Amino acid sequence: MDDFARLSIALASLLGLACWARSTTTRAWGEPAEGRMAVWATLLLQVSTALVTGHWEAGAALIAAAWMLLGAALVLAMNQWPVPAHRWAARLGWLGASGCLAVLATALQHAG
């Protein structure tokens, strides 16, 4: 698994975490919004990227670690800066998801 794929998988966790935080009642963001499906879609994208790279064991460990570590960092950031934390988590998450899509597209192109 190359560094770009690893970074993309890790950053994509922020998209799922930001959607998850929005789908629950929080002191900083108020009432919940829909977004639980985005969490599952992000997880599916991460797992697909890990499988395509060929190192699914390392990918599974990376996904679990990214969700835990970045989740803890997002909670800490939400307590201090709720609006910027959500904004930047979503932006970095979309960047990671885009990287995962690029890795998947490249793998499909080489497979075909």
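Computed from a predicted structure; not experimentally measured.
Ser48 places a side-chain heavy atom less than 4.5 Å from the side chain of Leu104. In this structure, Thr106 and Val52 have side chains that are not in contact, with every pair of non-hydrogen atoms separated by 4.5 Å or more. Residues Thr42 and Gln46 are in side-chain contact: their nearest non-hydrogen atoms beyond the backbone lie under 4.5 Å apart.
Smallest separation of non-hydrogen atoms from Ala12 and Cys100: CB-SG, 4.2 Å. Annotation for Gly71 and Leu17: closest pair N-CD1, 3.4 Å, computed over non-hydrogen atoms. Of all heavy-atom pairs spanning Ala18 and Ala89, the tightest one is CB-CB, 4.1 Å. When every heavy atom of Ala66 is checked against every heavy atom of Ser13, the shortest pair comes out as CB-OG, 3.4 Å. Between Ala102 and Phe4 the shortest heavy-atom distance is CB-CE2, 4.4 Å.
Rounded to the nearest 0.5 Å, atoms CG (Leu44) and CE (Met37) are 11.0 Å apart.
When hydrophobic clusters are built by joining Ile, Leu, Val, Met, Phe, Trp and Tyr residues whose side-chain heavy atoms come closer than 4.5 Å, directly or via intermediates, Met68 is not grouped with Met78. Residues Leu74 and Trp67 share a hydrophobic cluster, clusters being chains of Ile/Leu/Val/Met/Phe/Trp/Tyr side chains in contact below 4.5 Å. The hydrophobic clustering, which links ILVMFWY residues whose side-chain heavy atoms are closer than 4.5 Å, places Leu43 and Leu70 together. Ile63 and Leu15 fall into different hydrophobic clusters, where Ile, Leu, Val, Met, Phe, Trp and Tyr residues are linked whenever their side-chain heavy atoms come under 4.5 Å apart, directly or through other members. If you chain together hydrophobic residues whose side chains sit under 4.5 Å apart, Leu11 and Trp20 fall into the same group.
Figure legend: Arg91 and Trp88 shown as a cation-pi pair, the cationic atom lying under 6.0 angstrom from the six-membered ring centre and within 45 degrees of its axis.
Checking each of Thr53, Val47, Leu62, Val103 against Ile9 for a side chain to side chain contact (heavy atoms under 4.5 Å, CB included) leaves exactly one that passes, namely Leu62.
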